[in-house]
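Take a look at the structure below.
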Amino acid sequence: MSSRDYSRQSPSPRYTNLIRQYQQLHLEGEKSTDLTPEETFPGISLMKQVERIKRLVDVTDAKTLLDYGAGKGMQYELGRVDIEKNGEHRQLMVKEYWGVDEIVCYDPAYIPFSNLPARKFDAVICTDVLEHCPEQDIPWILDEMFYYANKFVFALAACYPAKKQLPDGENAHCTIKPAEWWNDMTNRALEKYPHLLCELWTISDMPMDDGEIKRVEQKISNED
């Protein structure tokens, strides 16, 4: 079967296998890096992206948001954003910082969040997720993300190997592609949803002349 033949109703066998392995990691932790279950995919990596998402929320006046691949959702319980206003320092929870009315978490590998939503949202965000999905399933996963959004989609894709390993020993980043590939896949998905604002960030490892590796971020957006 080609990638065009896979779907939510009929994902690839590899997708099904990976979901089972991620469910195991959520329950048992990630042993190669000595992470406890609570420390494995908590969702806290989102905190590096809160300002970028805040800008899109403000631009589109989004009020409802779906976190697609939210992990354990701890970013919304423990995450705090430092702000300075009128000379006063404050710490805000993510929902308050964004100024949205509702945040819903979805993650197929974490049982409490494993049910697909039955409605759409103003915004869909997806961070530290896409590179964990099989290449052949990326088209329908992106399509599903865009389907659930009424105003904007924000996504982040890593283009380098992960530190974590799956229970079968494979690297947790199973789809490692250059930024241009992600740009092409995103543009294909956008063809069905031209009304949506989309911002995709890719993170790549770039070798330097001195032998060091520099991590480079690239923004891809259809914003005018």
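Computed from heavy atoms alone, side chains included, the values below leave out hydrogens, waters and symmetry copies.
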Residues Met93, Arg80; criterion side chain to side chain contact (heavy atoms under 4.5 Å, CB included); working and verdict: CA-CA 5 Å; Met93 297 183 70; Arg80 297 292 186 274; 3.5 Å; yes
Val94/Met47 under side chain to side chain contact (heavy atoms under 4.5 Å, CB included): CA gap, chis, key distance, verdict: CA-CA 8 Å; Val94 174; Met47 299 306 297; 3.7 Å; yes
Candidate pair Gln218 and Asn183, rule side-chain hydrogen bond (donor to acceptor under 3.5 Å, both in side chains), full reasoning: CA-CA 10 Å; Gln218 180 176 336; Asn183 184 26; over 6 Å; no
Test side chain to side chain contact (heavy atoms under 4.5 Å, CB included) applied to Glu77 and Met74, step by step: CA-CA 5 Å; Glu77 297 182 24; Met74 300 308 295; 3.7 Å; yes
Stepwise side chain to side chain contact (heavy atoms under 4.5 Å, CB included) test for Val100 and Lys95: CA-CA 6 Å; Val100 297; Lys95 181 180 177 181; 4.0 Å; yes
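Checked by atom type and distance alone, the side chain of Ser12 never pairs as donor or acceptor with a backbone atom of Asp137 at under 3.5 Å. Remark: side-chain polar atoms of His132 are paired, donor with acceptor, to backbone N or O of Ala172 under 3.5 angstrom. The main-chain N or O of Tyr97 is found under 3.5 Å from a side-chain atom of Lys54 such that the two form a donor-acceptor pair. The closest donor-acceptor contact from the side chain of Lys214 to the backbone of Pro207 lies at 3.5 Å or more, if one exists at all. Judged purely by atom type and a 3.5 angstrom limit, Tyr76 has no side-chain atom pairing as donor or acceptor with the backbone of Cys105. A donor-acceptor pair is defined here as one N or O able to donate and one able to accept, closer than 3.5 Å; such a pair exists between the side chain of Thr64 and the backbone of Asp122. Using a distance-only test at 3.5 Å, with no hydrogens or angles considered, no donor-acceptor pair links the side chain of Ser221 to the main chain of Glu199. In this structure, Lys192 contributes its side chain and Tyr147 its backbone to no donor-acceptor pair below 3.5 Å. Put simply, the side chain of Lys177 never gets that close to the backbone of Ala157: no donor and acceptor are under 3.5 Å apart.
A pairwise comparison of heavy atoms in Pro11 and Tyr6 identifies C-CD2, 3.6 Å as the closest pair. Contact detail for Leu190 and Cys198: the closest heavy-atom pair is CD1-CB, 3.8 Å. Residue Pro134 comes nearest to Thr175 through the heavy atom pair C-OG1, 3.4 Å, listed as atom of the first residue, atom of the second, then distance. The two atoms that bring Ala158 and Trp182 nearest to each other are O-NE1, 4.5 Å, heavy atoms only. Between Leu92 and Arg90, the shortest heavy-atom distance links the atoms CD2-NH2, 3.4 Å. When every heavy atom of Ala149 is checked against every heavy atom of Leu196, the shortest pair comes out as O-CD2, 3.4 Å.
A 4.5 Å side-chain heavy-atom check between Asp143 and Tyr193 finds at least one atom pair inside the cut-off. Side-chain atoms of Phe113 and Asp67, non-hydrogen and from C-beta on, never get closer than 4.5 Å to each other. Contact annotation: the side chain of Gln91 never approaches that of Val81 to less than 4.5 Å [non-hydrogen atoms, C-beta and beyond].
With respect to Lys63 and Asp61, a salt bridge is recorded, a charged nitrogen being found less than 4.0 Å from a carboxylate O. A salt bridge is absent between Glu217 and Lys48: the closest approach of a Lys/Arg side-chain nitrogen to an acidic carboxylate oxygen does not fall below 4.0 angstrom. Salt bridge status for Arg8 with Glu144: present, with a side-chain N to carboxylate O gap under 4.0 Å.
Leu66 and Leu156 are not part of a single hydrophobic cluster, where members link through side-chain heavy atoms under 4.5 Å apart. Note: the hydrophobic cluster containing Val124 does not contain Trp98 (ILVMFWY, side chain heavy atoms under 4.5 Å, direct or indirect links). Connection of Trp181 to Val129 is not established within any shared hydrophobic cluster, with ILVMFWY side chains joined at heavy-atom distances below 4.5 Å, either directly or through further cluster members. Hydrophobic clustering, with ILVMFWY side chains joined whenever heavy atoms are under 4.5 angstrom apart, keeps Ile176 apart from Ile213. Hydrophobic clustering, with ILVMFWY side chains joined whenever heavy atoms are under 4.5 angstrom apart, keeps Leu130 apart from Ile53.
With Lys72 as the fixed residue, the side chain to side chain donor-acceptor pair (under 3.5 Å) test singles out one of His26, Glu38, Glu39: His26.
Put simply, CD on Gln24 and OG1 on Thr40 are 11.0 Å apart, with the number rounded to the nearest 0.5 Å. Between the CG atom in Asn150 and the OG1 atom in Thr60 there is a gap of 10.5 Å [rounded to 0.5 Å]. Here the CG atom belonging to Leu166 is positioned 6.0 Å from the CG atom belonging to Leu25, to the nearest 0.5 angstrom. Note that NE2 of His173 and NZ of Lys163 are 11.0 Å apart. Values are rounded to the nearest 0.5 Å. Atom OG of Ser114 and atom CD of Gln23 lie 7.5 Å apart (nearest 0.5 Å). Here the OH-CZ distance, from Tyr148 to Arg119, works out to 10.5 Å after rounding to the nearest 0.5 Å.
Between Phe41 and Tyr22, the distance separating the two ring centers is shorter than 6.0 angstrom.
There is no side-chain donor-acceptor pair under 3.5 Å between Glu191 and Asn187.
Annotation: cation-pi geometry not satisfied between Arg52 and Phe154 (NZ/CZ under 6.0 angstrom from ring centroid, within 45° of ring axis).
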